[in-house]
Q: 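Just dropping this structure here.
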Amino acid sequence: MSEAHPPSRSSAYLDALSQAIHKKLQRALANSSQRRNLLQELFADIALEVDDRAKDVIVNKEEDAISPAEDVNDGPLCFYDVLADYFVRVPESGKPILDLIVQLWSQSFASHIFALLFHKWLFEVHIDNPEVLLRYSSALVQGATNVFWIDIQTNTRRFQSLFCVRVPEGILFQYLLDDVALDHSRLNKIPVQAQRDMYLLLSRFILFYNSADKIDSFLKQCPVFQTAFLVGGPADIFVTELTDQLQKLKVEPVLLHYLSEIKVLQGMELRMTTSTRLKTCLYSFTSPGGPMYPTRAVRHAAWEALDLLFPVGRYPRHLISLFFRLLYPWYWPSSCWNFAISCV
C-alpha cells in the first residue's frame, strides 16, 4: 500500500488562509451589526500584497506552488491572486466560502470578494443550473466593476491582475480579456447577457489597464447585441461605453491617461451619432468652468485628442474657443501668463 504524501507547505498555508476567510465570513453572517465592517476588512485582507515571508512559502518553485501567470515580477503579488488559482486546483477548499458568500449576496463588498476569489473558478468548473450560473456571472461583472473603480479613484493598479498581469517572460497575460473575452471556450460558459455585460465592462477599462493594443481583437469577439440596429456595431458600442466612462472620471491623472490612450481610436469607422457623441465629450473638456471644470493639463490633452481624431474643422474650433474665452476677461491674466511661460 502506497503511503499518502503530506501536504506541501504552500498547500497547508493556502488551506489555512481559506479557513481564516471562512471563519470571518461566518462571523459576518452571524453578526448583522458588524457585517459590513467585517466584509470590508476581509476584502482589504485579500487585496493585500503578499509579504516576503509568505511569498517564500507560496512561490515555491520545487513544489510548483502557483502557476507561472501568478509569479509576477512587474507588479505586486496579492493574496487574491494565489487564492483564485488555489480554488481552481482545489475547488473543495473554496466551496464552503462560496456558500457563505451566496448567503451574504446582497451585502456590500460581497461581490468584490467573489470577483477576486472566484473569477478563475467560474470559467473552469461546470455549473448545470442556468440561474445559478447567471447569478455568479452577474456577481463577477458587478464585483469586477467595483474593484476596477477603486483602482480608478486611487489611481493605482492594485487589481490589475484581475484584468491583466505581466509574467516574467514579459508576455502580457490578461485573464478577463485574453483568457475570457477572446476565448470562446470560456466565454460561452456564461449566459449571453453576461457576455454582453462583460464586453461593456472591458470596454470601459481596457485603456486604463494599458491594453489598447488588444482593441482590434477585442472588437472582433463582440457578442450579439439586440439593440445593435440602433447603437451600431462593435466599434460603436465600444466607443459609446468609453465616452460614458470619460464623463464619469474625476481623477486628473486617470483622465489624462485616458485622453492620451484614446488616440488609438484614430481611423476607426463609427456611426455619425457615435462620432458626434465622442466629439462633444472631448470638446466639453477643452473649456474652463462647468460642467466638467477641467484643469489646464486636461484641457490641453483634450484639444490634442480632439484635433487628432477629428482634424476636419480644427481651426474653426480653436477660433470659436478663443472668441468665447475673450468674453470672460477674468481669464485673460492667467491665459497670458501661461502663454508667456510656454514661450520661455
Q: Classify the angle between the aromatic ring planes of Phe218 and Tyr199 as parallel (below 30°), tilted (30 to 60°) or perpendicular (above 60°).
A: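 Rings of Phe218 and Tyr199: parallel, as their planes differ by under 30°.
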Q: Using atom types as modelled and distance alone, determine if a side-chain donor or acceptor of Arg196 lies under 3.5 Å from a backbone N or O of Val224.
A: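 Here the side-chain-to-backbone pair exists.
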Q: Is it the case that more than 12 heavy atoms not belonging to Glu92 sit under 6.0 Å from its CD atom?
A: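 Yes, the 6.0 Å shell around CD holds more than 12 heavy atoms from other groups.
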Q: For the pair Gln160 (side chain) and Tyr209 (backbone), establish whether a donor and an acceptor sit closer than 3.5 Å, ignoring hydrogens and angles.
A: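 Not a single qualifying donor-acceptor pair exists.
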Q: Can you name the closest pair of heavy atoms from Arg299 and Pro294 and give their distance?
A: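 Closest pair (atom of Arg299, atom of Pro294, distance): NH1-O, 3.2 Å.
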Q: Is there a path from Phe225 to Met198 through hydrophobic residues (I, L, V, M, F, W, Y) whose side chains come within less than 4.5 Å of each other?
A: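 Yes, it is one cluster - the side chains of Phe225 and Met198 are joined through contacts under 4.5 Å.
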Q: Are Gln193 and Asp197 close enough that a side-chain donor and a side-chain acceptor fall under 3.5 Å?
A: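 Gln193 vs Asp197: donor-acceptor pair found between side chains.
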Q: Step by step, would you call Cys78 with Leu48 a side-chain contact (heavy atoms from CB on, under 4.5 Å)?
A: CA-CA 5 Å; Cys78 300; Leu48 285 174; over 6 Å; no
Q: Considering only heavy atoms from C-beta outward, does the side chain of Ser10 approach that of Tyr86 to under 4.5 Å?
A: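 SC-SC contact between Ser10 and Tyr86 ruled out.
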Q: Can you find a heavy atom in the side chain of Tyr258 that is under 4.5 Å from one in the side chain of Ile152?
A: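 When only atoms from C-beta onward are counted, Ile152 and Tyr258 do touch, with a gap below 4.5 Å.
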Q: Distance check, rounded to the nearest 0.5 Å: Ile262 atom CD1 versus Leu309 atom CG?
A: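 Answer rounded to 0.5 Å: 6.5 Å.
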Q: Using distance alone, with no hydrogens and no angle criterion, decide if Ser33 and Asn31 have a side-chain donor and acceptor under 3.5 Å apart.
A: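 Ser33 vs Asn31: donor-acceptor pair found between side chains.
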Q: Any chance you could measure Asp151, atom CG, to Thr156, atom OG1, to the nearest 0.5 Å?
A: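 Those atoms lie 4.0 Å apart.
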Q: Tell me whether Asp244 is salt-bridged to Lys248, with the criterion being a basic N under 4.0 Å from an acidic carboxylate O.
A: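 Salt bridge between Asp244 and Lys248, a charged N being under 4.0 Å from a carboxylate O: no.
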Q: Kindly give the heavy-atom pair with the smallest separation between Phe205 and Thr145, and that separation in Å.
A: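 Scanning both residues completely, I find the closest heavy atoms to be CZ-O, 4.3 Å.
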Q: Specify the closest pair of heavy atoms between Thr243 and Cys281, including all atoms of both residues, with the distance to one decimal.
A: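 Heavy-atom minimum between the residues: CG2-CB, 3.5 Å.
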Q: Are any of the side-chain nitrogens in Glu124 or Lys189 under 4.0 Å away from the carboxylate oxygens of its partner?
A: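 No salt bridge links Glu124 with Lys189.
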Q: Has the side chain of Thr276 got a donor or acceptor atom that lies under 3.5 Å from a matching backbone atom of Thr273?
A: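 No; zero donor-acceptor contacts below 3.5 Å.
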Q: With the 4.5 Å side-chain cut-off for hydrophobic clustering, are Leu256 and Leu278 part of the same group?
A: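 Yes, Leu256 connects to Leu278 through the hydrophobic network.
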Q: Can you hop from Leu308 to Leu270 via hydrophobic side chains spaced under 4.5 Å?
A: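 As far as the 4.5 Å side-chain criterion goes, Leu270 and Leu308 are not connected within one cluster.
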Q: Taking everything shown except Lys23 itself, do over 12 heavy atoms lie less than 6.0 Å from its NZ?
A: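 No, not enclosed.
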Q: Could you pull out the closest heavy-atom pair between Glu252 and Ala297, with the gap in Å?
A: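 Answer, listing the atom of Glu252 first, then Ala297: OE2-CB, 3.6 Å.
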Q: Just wondering, are more than 12 heavy atoms of other shown residues or ligands nearer than 6.0 Å to CZ in Arg35?
A: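 Yes, CZ of Arg35 has more than 12 neighbouring heavy atoms, counting only those of other groups under 6.0 Å.
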Q: Is it true that Gln19 and Asp15 share a donor-acceptor pair across their side chains at a distance under 3.5 Å?
A: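 Yes.
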Q: What residues form a side-chain contact (heavy atoms from CB on, under 4.5 Å) with Ile127, not counting sequence neighbours?
A: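 In terms of side-chain contact (heavy atoms from CB on, under 4.5 Å), with neighbours along the sequence ignored, Ile127 is linked to Trp121, Leu122, Val125, Val132, Leu133, Tyr136.
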Q: Mind checking the CZ-CD1 spacing from Arg271 to Ile237? Nearest 0.5 Å is all I need.
A: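 Answer for the CZ-CD1 pair, Arg271 versus Ile237, is 9.5 Å.
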Q: Looking at Ser137 and Pro191, what are the two nearest heavy atoms and their distance?
A: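 Shortest heavy-atom separation between Ser137 and Pro191 comes out as OG-CD, 3.6 Å.
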Q: Answer yes or no: is there a side-chain heavy-atom contact under 4.5 Å between Glu41 and Lys24?
A: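 Yes, close enough: below the 4.5 Å cut-off.
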Q: In the structure I gave you, are the side-chain heavy atoms of Val141 and Leu200 within less than 4.5 Å of one another anywhere?
A: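 No, every pair of side-chain atoms sits at 4.5 Å or beyond.
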Q: Return the set of residues passing ring-ring contact (aromatic ring centres under 6.0 Å, His included) with Phe43 (not counting sequence neighbours), or none when no residue passes.
A: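 By the ring-ring contact (aromatic ring centres under 6.0 Å, His included) rule, Phe43 matches Phe109, His112, Phe159.
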Q: Determine whether the aromatic ring centres of Trp303 and Phe285 lie less than 6.0 Å apart.
A: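 Centroid distance Trp303-Phe285: not below 6.0 Å, so no.
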Q: Examine the side chains of Asn155 and His257 and answer whether a donor and an acceptor come within less than 3.5 Å of each other.
A: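 No, no side-chain donor-acceptor contact under 3.5 Å.
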Q: Using salt bridge (Lys or Arg N to Asp or Glu O under 4.0 Å), reason through Asp51 and Lys55 one step at a time and then give a plain yes or no.
A: CA-CA 6 Å; Asp51 56 49; Lys55 192 178 294 185; over 6 Å; no
Q: Where the side chain of Ser217 meets the backbone of Lys214, is there a donor-acceptor pair that is under 3.5 Å apart?
A: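 Flag not set: sc Ser217 to bb Lys214 has no pair under 3.5 Å.
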Q: Mind checking whether Phe208 and Arg157 have side chains closer than 4.5 Å, heavy atoms only?
A: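 Answer yes - side chains close enough.
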Q: Heavy-atom distance under 4.5 Å between the side chains of Arg158 and Ile150, does that happen here?
A: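 Side-chain contact under 4.5 Å: no.
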Q: Quick one: do Leu117 and Val102 end up in the same hydrophobic cluster if we chain Ile, Leu, Val, Met, Phe, Trp and Tyr together by side-chain heavy atoms under 4.5 Å apart?
A: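 They do share one cluster, since a chain of ILVMFWY contacts under 4.5 Å joins Leu117 to Val102.
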Q: For the residue pair Lys279 and Phe310, would you count it as a cation-pi contact if the rule is NZ or CZ under 6.0 angstrom from the ring centre and within 45 degrees of the ring axis?
A: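 The answer is yes; both the distance and angle limits are met.
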Q: Is a side-chain donor-acceptor pair under 3.5 Å present for Ser161 with Tyr80?
A: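 Ser161 and Tyr80 do have a side-chain donor-acceptor pair below 3.5 Å.
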Q: Would Lys220 and Asp216 pass as an ion pair if we require N to O under 4.0 Å?
A: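 Here Lys220 does not pair with Asp216 in a salt bridge, since their nearest N and O are not under 4.0 Å apart.
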Q: Linking I/L/V/M/F/W/Y whenever their side-chain heavy atoms sit closer than 4.5 Å, directly or via other members, would Leu38 and Leu25 fall into one cluster?
A: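 Unlinked, Leu38 and Leu25 end up in two clusters.
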Q: If I compare all heavy atoms of Leu162 with all of Ala115, which pair ends up nearest, and what's the gap?
A: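 Reported closest heavy-atom pair: CD1-O, 3.9 Å.
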Q: Any heavy-atom pair between the side chains of Leu77 and Glu49 that's under 4.5 Å?
A: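 Counting from C-beta outward, Glu49 and Leu77 never come under 4.5 Å.
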Q: Going by heavy atoms in the side chains, are Ser203 and Leu242 under 4.5 Å from each other?
A: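 Ser203 vs Leu242: side chains apart.
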